Every structure is written in structure tokens, then in C-alpha cells.
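Data first, discussion second: the structure below is written as C-alpha cells.
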Amino acid sequence: MGGAAAAAASGAARWIQRLSAARISTEALERGQNRVIDASLTLIRERAKLKGELLRAMGGVKASATLLGVPLGHNSSFLQGPAFAPPRIREAIWCGSTNSSTEEGKELNDPRVLTDVGDVPIQEIRDCGVEDDRLMHVISDSVKTVMDEDPLRPLVLGGDHSISYPVVRAVSEKLGGPVDILHLDAHPDIYDCFEGNTYSHASSFARIMEGGYARRLLQVGLRSITKEGREQGKRFGVEQYEMRTFSRDREKLENLKLGEGVKGVYVSVDVDCLDPAFAPGVSHIEPGGLSFRDVLNILQNLQGDVVAGDVVEFNPQRDTVDGMTAMVAAKLVRELSAKISK
């Protein structure tokens, strides 16, 4: 088991040991966990209902990007800083450094473009001894709760990349079929099991593909890929585009058409898809990546119904130059909001 996973497991074990020493029964523990989870979902549900009611009353909106924070970092194989990202991204979105318009002219302060239902309280739930199997279902249930309120569409703020598995699962199950996924990343995150952790941020897309939640998976920006990553890609029929051939693939990637015949398109952006010159605040610094304009060209020219997405792996603890990477993550969220909303 990897360092982060081992620490998380040992922490949960110590917590359970304390409860046992205090003679707290398993039944009492489960009741307490259920109350915390129910309260967490209720808060998200009520916020989503309020935002959905507002948008339906306003009329003229088919889809509104809706921020949902999932501050989970313990499935990282290196650093756990991405758990602190959601509030920093929100701060950067609204900091006043720039105006509220997206590049195509949509206004972020219009709730028909962007709303927010807050965060899943990951640490509070884990503090109750809830382990990852159940935690992943809590994340999925939170996403479904947002999607219950038409026209809200989830745009998830991570967190490490392990969150993409429960989010994509929820989107696919809620819509009733697989989606096409555009995944921008330096790494394929498709290990069967990384360092003993099946929920590792390096294994999220293996879980997605084996679950049948995606028809097509396109991985763009790869430049740190192992033999297993390529073999797993072939096993699942993944379309992997490495940076060493990006100049050859550019025209195709900047004119993608996805989602026909399935329930829509899911976009997952790992901030380390970018060259660290543009985004140094990440856990895994991998030179030779995409420029920010490369990423925007891919996203803005994408043809397809984007039904949900995530921005993950921003690590505020490694950010530099007065929150530079926070602004990069915020800009990605802004432009994805424009892509989702309609």
C-alpha cells in the first residue's frame, strides 16, 4: 500500500480502535456515520433545490454549470495538497482580478451560466471512520443529487483525480448509459491498482472503463506513461495522445466531435496536463506539456453536449507567484462553465 493510502488506512484503524476502547458498538458507529452522511447530502440537496428553483423560475436555460467541491486528497500517491483546492479555486474565480465574462461572452455572475452548491464534507465524513468504498458512494450520491435538479449540471472541483471515478459513475448511472470522456492529463491514471490502492488517483480511469461508464476515452497531453499504462490503454480501447506526437495530432484534437450515440460528453482536466511553466502548483511536475491556449483550443472547439466535468489535481501548497495556478484552474472552470451552460 502506498504512503498516502497507508496513512489513511492506519488513521481509520486507530479511530476504530479508540471507539472499541471506549466500548462504542458497531451499530452505534454505523448510526452515527449515517447521520453525518445524511446531513451532508441534505445540505447539498437543499442548495441544489434552491438553485434549480431559481433557474426554472428565470426560464430560458437548458443547462447551468454547477460547482460541487470534492476536497479529497488522501488517494494521492505523492502529496495530499489537492484536498485544499476547491476554496482556492472559488476565490480565484471571484477575486476581481479579471471580469466575469468568459472568452465567448457568457457572464459568470448569471446563474444560468454558473451556480454553486458547496462542498462534500470529505474530511468530516472520514473523521467518522467512513472508509473509501462508502465514501465513493457518498460522492456519487452527491453528484446525483445535483443532477436531480434540472437544469443543473455538475462541474466538480477536486481534489485528487480519484474523484473522477465516482463522479463519472454517477453521471452515467443518472443519465442511463455511458458517456464519451475527454481526459486532459500528463498521466493516463489507468493502473489496475497503484501501490495497493484500487482507488488511487492513478487508477481512476481503470475503474471507469471496467465499470462500462464510458464508450470512448480520449487521453490528451500524456508524457509520463509506463508500459502498464499503454497496456491498460490497449485493454480498454483508450485513444491515447502523447505529447511527443502532439504537433502531428493537433488538428484532430482541436476539432473533436464526441458524444453522438451516447448520453453526452464528460470532460476531466487534470491541471498537470499543462506544462509547469503555465501551472507550477501541481503535485506531479512533468515538463513538456500543453500550453494553456492549446487546452482552450481543444475545449472551445469541442463539438458535443458536455453534460459534466471536473478540474482536479491543483495543489495550492505548491503554488507560486501569488496564486498563479489558482488563476489557471479558475480560468479552466470559467471556460468549462461556458461549454456546459446553454
Side-chain angles (χ1 to χ4, degrees), residues 47 51 54-55 58 60-61 63-71 81-119 146 151-159 182 184-186 220-221 254 267-283 285 289-302 306 308-342:
R47 285 172 171 164
K51 301 300 173 65
L54 171 64
L55 290 172
M58 293 177 70
V61 54
S64 173
T66 303
L67 300 183
L68 174 68
V70 183
F84 302 105
R88 295 296 301 276
I89 296 173
R90 288 188 178 93
E91 179 185 7
I93 291 171
W94 304 113
C95 71
S97 170
T98 185
N99 59 50
S100 62
S101 295
T102 68
E103 289 197 355
E104 66 177 73
K106 291 185 178 180
E107 293 293 331
L108 292 180
N109 53 17
D110 183 343
R112 292 170 294 186
V113 176
L114 182 64
T115 58
D116 194 341
V117 297
D119 292 352
V146 173
L152 305 187
R153 290 187 174 183
L155 178 50
V156 177
L157 307 179
L182 174 60
L184 304 176
D185 202 328
V220 180
E254 291 184 354
V267 177
S268 181
V269 182
D270 184 323
V271 177
D272 72 24
C273 71
L274 291 157
D275 190 274
F278 299 91
V282 295
S283 297
I285 294 172
L290 297 160
S291 75
F292 193 80
R293 184 50 58 183
D294 290 335
V295 171
L296 286 194
N297 286 343
I298 291 168
L299 295 178
Q300 291 173 342
N301 294 332
L302 171 64
V306 180
D310 63 55
V311 175
V312 299
E313 295 285 355
F314 163 46
N315 184 345
Q317 295 180 330
R318 301 197 84 184
D319 207 358
T320 59
V321 196
D322 297 325
M324 171 181 168
T325 312
M327 294 302 294
V328 167
K331 175 86 169 182
L332 290 169
V333 170
R334 292 160 67 93
E335 296 306 314
L336 276 173
S337 298
K339 198 70 182 179
I340 292 170
S341 63
K342 61 179 70 174

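As the structure is a computational prediction, the values presented were derived from the model and not from experiment.
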(Q) Once rounded to the nearest 0.5 Å, what's the spacing between atom CG of Leu108 and atom OG1 of Thr115? (A) 11.5 Å
Q. Does the pair Leu299 and Lys339 meet the rule for a side-chain contact (heavy atoms from CB on, under 4.5 Å), with working shown?
A. CA-CA 8 Å; Leu299 295 178; Lys339 198 70 182 179; 5.8 Å; no
Q. Does the side chain of Glu104 pick up a donor-acceptor pair with the side chain of Gln300 at under 3.5 Å?
A. no
Q.
Under a 3.5 Å distance rule, please check whether Asp275 uses its side chain to pair with a backbone N or O of Gly289 as donor and acceptor.
A. yes
**Q.** Note: Glu103-Arg293 ion pair, threshold 4.0 Å (strictly below)
**A.** yes
Q. Atom CZ of Phe292 and atom CG of Asn297: how far apart are they, to the nearest 0.5 Å?
A. 10.5 Å
Q. Quick one: CG on Leu67 to CD1 on Ile89, what's the gap to the nearest 0.5 Å?
A. 9.0 Å
**Q.** Residue pair Arg318 / Val282, side-chain heavy-atom distance below 4.5 Å
**A.** no
Q) Is the closest side-chain heavy-atom distance between Val295 and Glu335 below 4.5 Å? A) no
Q) Are any side-chain N or O atoms of Arg90 and backbone N or O atoms of Gly118, one a donor and one an acceptor, separated by less than 3.5 Å? A) yes
Q | Approximate separation, where rounding is to 0.5 Å, of Leu114 CG and Lys106 NZ | A | 11.5 Å
(Q) Can a donor-acceptor pair be found, under 3.5 Å and without considering hydrogens, that links the side chain of Asp119 to the backbone of Pro71? (A) no
Q. Between Leu155 and Ser337, does a side-chain contact (heavy atoms from CB on, under 4.5 Å) hold up when you go through it step by step?
A. CA-CA 8 Å; Leu155 178 50; Ser337 298; 3.5 Å; yes
Q) Atom CZ in Arg334, atom OG1 in Thr98: separation rounded to 0.5 Å? A) 5.0 Å
Q) Backbone N or O of Pro111 within a donor-acceptor pair of the Ser64 side chain at under 3.5 Å? A) yes
Q. Can you tell me how far the CG atom of Leu332 sits from the CG atom of Asp310, to the nearest 0.5 Å?
A. 11.0 Å
Q. Do the side chain of Arg153 and the main chain of Val306 share a donor and acceptor less than 3.5 angstrom apart?
A. yes
(Q) I'd like to know if the side chain of Lys51 reaches the main chain of Thr66, judged simply by a donor and an acceptor atom lying under 3.5 Å from each other, with no hydrogens or angles considered. (A) no
